[in-house]
Amino acid sequence: MLTNFEQIANCFAHPTPACLTQPDILTAYAGAFLIAVFLAAPFGWKMTVRDGRGSLRTFRKLAVAALDIVLPCAVVIVAFHYVRPDALAGVERVPAWRILWHATAYALAIGGLVGGVAAGFGLGRLGARLSGAASRLGRLGVVIAIDGPAASGKGTLAKRVAEHYHVPCLDTGLLYRAVARDVLRAGRDLSDTEAAIACAKSLDPATFDDPALRGASAGEAASVVARIPGVRAALLDYQRDFANSPAGAVLDGRDIGTVVCPDAPVKIYVTATAEERARRRHGELEKRGENVRFEDVLDDIQRRDARDTGREVAPLWPAKDAFQLDTTHLTIEQAFNAALDIVEKRLAGAAPPPAA
Ligand code: DC
C-alpha cells in the first residue's frame, strides 16, 4: 500500500490520466498551485504596476518564481526515489531525466498559470486605477511628467526613470532649442514671431541629436522663442502624441504637468537653489572644456528662471498635484531613488496627489 506522498511521487514520475485524477494527487497539486499563487501573486502585482503593463518581463519573472517553488519539490522527490528506494518498494523505478523533465514541465505550466493570473490581476487593478486618465487620453500606459527650472537635474532624472520603467523619454527643452537654432540658421531674429512659428511648425525631430542644441547659448535662445504662444501651440501636438505612446512615457520640461499632460497620473516638480543649479551647470561646462565664470552661469540661470516663470503662456510653475522634489542636498542617486519612491507610491495609490 503506497502512502499519499509515495503516490504523489509516483504520479509525478508517471503522469498517466488514471493517476492524475486520483483525489489525493489532485489535492496535492491544487495545494502546491495555491501555494505558488500565494507566493508569486504579490510579486507579480508589484512587477506589473511597476511596468505599467502586463509585460513579458513580468511573465518571465513569475515563471522563474514558480520554478523556484516547484523544482525543490522535484529534487525532494528524486532524492526520495533514489536515496530511499525502499520507501517506494513496488513502484517502478524511472530514469532521473524523466522525472526531472516532468518536474520542469509542471513547473513551467504552473509558472505560466501563476504568471497569467498575477499579470491579469495587476493589469485589472492598474486599469481601474488609471481609468480616468486612460479614458480621457485614450491609452493605458502611464505618463510621468517631470518639470522644473534649468539645471535642476530633471533631465537626468527623467532619463533614469524612463530607463527604469522601459518607457520612452522626451526632453521637451530640445524642441524649443531646435526651434531657436532653426530661426537663427534662417538668419532671422529670435523675437521674430512669424519666423519662430514657421520653424516650430516645420520642426524635424531627426535633428534633435544635434550637439549644437546642448550648449548654454542654445538654452538661452530657447527660452526666448518659448515665450511665443504660437510656438508653444505648434509644439503641443508632437509632445502629446509622444505622451500617448501605448507603453507610457516620461516627459520633462516646464509645463508638462500643467499644460501638455494635465492628466498625467504622476507629476514631479524638481527644484534646487539657483546657486546649486549654477554650481552643477558650471561643473558640466568645465568638463566640456568651456571656460566660463561661475557668476555668469548663475546670472544666466537667474535670467532664465525669471523669463520661464514670468512669461504669460505656460509659465514654469508646479502643477497643483505635483510632488515637489528638492534636489539641493541630494546626489543623483538619492534624487533618483526619491523620484522612484514618488512614482511607486503614486501608482500603488499609497500617496494621493499633494493637493488632490
Ligand atoms: O530644459 P531646457 O534647459 O533644455 O529648456 C530650454 C528652454 O526651453 C527653457 O529655458 C524654457 C523652454 N522650455 C519651455 O518653455 N517649455 C518646456 N516644456 C521645455 C523647455
Side-chain angles (χ1 to χ4, degrees), residues 145-152 154-156 158-159 168-245 249-261 277-278 281-282 284-293 296-317:
I146 302 186
D147 288 305
S152 56
K154 62 185 187 315
T156 310
K159 269 191 220 107
C169 180
L170 180 65
D171 167 4
T172 60
L174 276 182
L175 276 63
Y176 294 92
R177 287 169 182 254
V179 171
R181 172 202 60 194
D182 293 353
V183 170
L184 294 174
R185 278 193 187 158
R188 310 295 281 269
D189 195 87
L190 289 174
S191 55
D192 183 334
T193 305
E194 269 176 33
I197 295 175
C199 288
K201 284 185 175 160
S202 60
L203 201 60
D204 179 5
T207 65
F208 289 171
D209 56 1
D210 178 358
L213 299 183
R214 302 282 165 193
S217 57
E220 172 74 19
S223 95
V224 177
V225 294
R227 283 187 305 188
I228 303 171
V231 167
R232 305 199 72 85
L235 299 179
L236 212 47
D237 280 351
Y238 180 82
Q239 297 173 79
R240 287 191 175 149
D241 282 350
F242 190 93
N244 273 331
S245 144
V250 177
L251 285 86
D252 80 83
R254 304 290 191 286
D255 60 342
I256 308 302
T258 49
V259 176
V260 179
C261 303
R277 288 185 282 130
R281 181 53 55 89
H282 186 247
E284 275 168 28
L285 294 172
E286 278 199 327
K287 255 194 217 153
R288 272 196 258 149
E290 289 187 38
N291 194 12
V292 276
R293 283 175 2 120
D296 292 342
V297 178
L298 181 59
D299 269 1
D300 175 47
I301 284 200
Q302 286 170 334
R303 199 170 47 245
R304 270 176 65 189
D305 282 358
R307 204 182 282 142
D308 291 348
T309 52
R311 69 181 174 224
E312 276 175 24
V313 191
L316 167 65
W317 204 249

**Prompt:** Listed by chain and number, what are the side-chain contact (heavy atoms from CB on, under 4.5 Å) partners of D210, not counting sequence neighbours?
**Reply:**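 By the side-chain contact (heavy atoms from CB on, under 4.5 Å) rule, D210 matches R181, R185, A212, L213.
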**Item:** V313 backbone acceptor or donor facing R311 side chain under 3.5 Å
**Value:**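 The answer is yes, because a donor-acceptor pair under 3.5 Å joins these two groups.
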Looking only at non-hydrogen atoms, find the nearest pair between [X] and [Y] and report the distance.
X	Y	value
P168	F242	CB-CZ, 3.6 Å
A314	V259	CB-CG2, 3.8 Å
L251	A243	CD1-CB, 3.8 Å

Could you tabulate the donor-acceptor pairs under 3.5 Å formed by side-chain atoms of residues 196-204, not counting sequence neighbours?
| from | atom 1 | to | atom 2 | distance (Å) |
| --- | --- | --- | --- | --- |
| S202 | OG | A198 | O | 3.0 |
| D204 | OD1 | A206 | N | 3.0 |

Which pairs would a plain distance check flag for residues 220-231, meaning a side-chain donor or acceptor within less than 3.5 Å of a matching protein atom at least two apart in sequence or in another chain?
| from | atom 1 | to | atom 2 | distance (Å) |
| --- | --- | --- | --- | --- |
| E220 | OE2 | R303 | NE | 3.4 |
| E220 | OE2 | R307 | NH1 | 3.2 |
| E220 | OE2 | R307 | NH2 | 3.1 |
| S223 | OG | E220 | O | 3.3 |
| S223 | OG | R307 | NH1 | 2.5 |

Side-chain touch [X]/[Y], heavy atoms, less than 4.5 angstrom:
X	Y	value
L298	R293	no
V183	V179	yes
L170	D252	no
R277	P149	yes
V260	L235	no
D300	V297	no
L316	D255	no

Supply the atom-to-atom distance [X] [atom1] to [Y] [atom2], rounded to the nearest 0.5 angstrom.
X	Y	atom1	atom2	value
R240	I256	CZ	CD1	10.0 Å
S152	R281	OG	CZ	9.0 Å
Y238	T172	OH	OG1	11.0 Å

**Request:** May I ask you to decide whether D308 forms a salt bridge with R254, counting only side-chain N to carboxylate O separations under 4.0 Å?
**Result:**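 The answer is yes: the pair qualifies as a salt bridge.
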**Asked** Is it true that the side chains of R232 and Y176 contain a donor and an acceptor less than 3.5 Å apart?
**Response**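 Yes.
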**Item:** Residue pair D147, K154: steps toward the side-chain contact (heavy atoms from CB on, under 4.5 Å) verdict
**Value:** CA-CA 7 Å; D147 288 305; K154 62 185 187 315; 5.6 Å; no
